[in-house]
Structures are given as C-alpha cells and as structure tokens.
Amino acid sequence: MKAVRFHEHGGLEVLKYEDAPDPTIQPNEVLVKVKACALNHLDLWLRRGVADWKLPMPHIAGSDISGAVVQTGALVSRIKAGDRVLLCPGISCGQCEACFKGLDSACRSYTLFGVKVDGGYAEYVRAPEVNAIPIPGGLSFDEAAAVPLVFITAWHMLMTRAALRPGEDVLVIGAGSGVGSAAIQIAKLMQARVIAVAGSDAKLEKARQLGADFTINHATQSIAREVRRITEKRGVDVVVDHVGAAVWEACFESLATYGRFVTCGVTAGHEVKLNLQALFGRQRALFGSYMGSKAELLEALKFIAQGKLRAVIDSVFPLREAAAAQGKMESRDFFGKILLHPE
Ligand SMILES: [Zn+2]
C-alpha cells in the first residue's frame, strides 16, 4: 500500500510518500480502507521527536481515521465488511482496573493510532474491533474523521474533569484549534456562556458562528482585562487551555473563586509559576486532562448524529501532500481540522 512514513525524526522533509507493507489483521481486528485521516498537533510532536517516547520506525502517524471495513478477523462479530466506520483513537488493554473503570487513558498500555501502532497516513490500517464505531447519522467520511480525538479530549476536559454546570462561564483558549472548536460547542450545548480567545479576527468570527458569546483577540487585547470586563470582575468558572506558559498568567488571573483550570497540552511552553496563595484563597482547582474514554466518545457522538455538535473542517489534502498539510498546521493559519485523503 501507499503510506506517508518517516524513518527518522525531523522537519517536514522527513515525511515520505512511499510503499509500505499491507497490514495483516489479528483474529480480533478489522482491516479498514482509509477514506480520511485528520491531523492533530500530536502528529507534529511525533515527527519532531518527543523525549522518552520511542516510536516504531519507519513510522505511520495519524490518530483520527474513518474508512470502510474490507476484512474482519475470525473473532469479529459486531462489525462487518462494508461497514462505514470511524476509529476511536485510543487503544487500551480492556482488562485492567483502569479499563474496567472506563478510564481508558489511564491504562498502562494505553496508546493511540499513529503512536505505538500504525496510524491513518496510509491506504489501509488495522484496528481492534472494539475501536471500530459505525459512522452515525448521515456523516461523511470527512466529518467522521474530524470528530474523534478533539471531541473525546474536549468532552473529557469540560464534562468529566471540570464538571461543567449549566450557566457557568467558560474561557476557551486557542478557539481556532480542533479542541477549541469542539470545546466552544460542548460548552454551548451545556448552556454555558463562552468567551473564545484566538489571534485573528477571522478565527474569532468563526468562533462566534460556533456559538461563542464573546471573543478576545490576544494579539490586540489583554485576555485578563477583557475577562474581567465581560464577567464584571467575577472571572470565569472554567478555563480550557492547551497553549500553556504563554497564556498561563492570564488564564489563572481570569479564574473566578472556585474556578477550574483544565489543560490538555502545551503548544507554547510547559513551565509556569503558580501562586499557591491565590490557589487556596480563591479555592481554585487545576486539572490535567489526557484524551478520554470510548464511552465519552460515544456520548459526544450522540450529539454529533443529531447535528447538535459538528466537526469543523478547515481543508483537505491528498495523502501524498501530508508535509504541506502539516506545514499548514505549523503556520497556525487554519480553523478546525485538516484532513488527508489517500488517493
Ligand atoms: Zn487496561
């Protein structure tokens, strides 16, 4: 099959469109002909190399996959050849304490497509049957591929970690990202009031179209000052962040008493200063969040199927132009998900 692989870590130039062995499935697995694969910021980290993360080489990235099932293993009963499926990106053992509790991402063998196992930058991918979810509603393959990782992540952050309640105020940093566009919609679904932050007016206009009540352009406005003005000095109940150090002080200062800060990533710096007095005195809480569970994806998909949440697609590239697609992500000039199509 054709795939985009890298044999060593590095810049965009290490991504090679080339022949790769066809995957062979285990009895509990299905073989999926990839129709669309969405990029994630994770793909950039993996290509550049992450300390302490040893990847199988050559490596096929891609965690968000939709496609058609072309073959099923002997033990597979729920999924049939011909089914249109999306793949839950997280792979866990299914038989440890964390897995039984539904805490998939706390499983010690937890990984994602495109990390320890081959991902969707390819014509075919193999997947455990348990990860294959029939595409709900009338969703296209593109829409289906754009959903899983960001909606699992945003759902786990807002609903599970921060325990968002109706009527609360939510500050969404990086509103133009996949997680940001999902978080805005989930917060609105919960009847929260949303303040979206991004670095361009074009992105903020799209954030408003997704339901954001207020917007802040961090290139020209002070996040903390605007939050204070909008909330009449009260601050927000929840901050959703994946940027990190560059916005940390503004985020922490923007939290109301009993406010919760939840982070799922650090695209701009991971070391910050924390004022413990302001943490305990204002009874604030900090939450780390990493992916989520299959159950959380199924919960979010119910609303996707009803059209109450939707994947936001920025652009589509042919698989052979994966380097250009990742270059677009690096440029930050996008809103929503960037997709690849195997020819
Ligand atoms: Zn497990």
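Values below: every heavy atom of this structure, side chains too, minus hydrogens, waters and symmetry copies. Just so you know, ligand 1 is whichever comes first in the structure, and atom 1 is the first atom listed for that ligand. By convention here, the first residue in the shown sequence is residue 1.
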Checklist line | Set of residues satisfying salt bridge (Lys or Arg N to Asp or Glu O under 4.0 Å) with respect to R310, sequence neighbours excluded | finding: none

Margin query: For F252, does the six-membered ring have the charged nitrogen or CZ of R284 within the cation-pi criterion, i.e. under 6.0 angstrom from the centroid and within 45° of the normal?
Written below: yes

Donor-acceptor pairs under 3.5 Å, side chain of residues 317-330 to any protein atom, not counting sequence neighbours: which ones?
unit_1, atom_1, unit_2, atom_2, d
R320, NE, E343, OE2, 2.8
Q326, OE1, R47, NE, 2.6
Q326, OE1, R47, NH2, 3.3
Q326, NE2, Y121, OH, 3.0
K328, NZ, D314, OD2, 3.1
E330, OE2, R47, NH2, 2.8
E330, OE2, R48, NH2, 3.0

Next item on the list: Could you tell me whether the side chain of T72 reaches within less than 4.5 Å of the side chain of L31, counting heavy atoms only?
Entry: no

Next item on the list: Tell me, please, which residues at least two apart from H270 pass side chain to side chain contact (heavy atoms under 4.5 Å, CB included).
Entry: V266

Checklist line | H59 and F6 aromatic ring geometry - parallel, tilted or perpendicular at 30°/60° bounds | finding: tilted

Next item on the list: Give me the protein N, O or S atoms that fall under 2.8 Å of the Zn ion (ligand 1), sorted by chain and residue number.
Entry: C93 SG, C96 SG, C99 SG, C107 SG

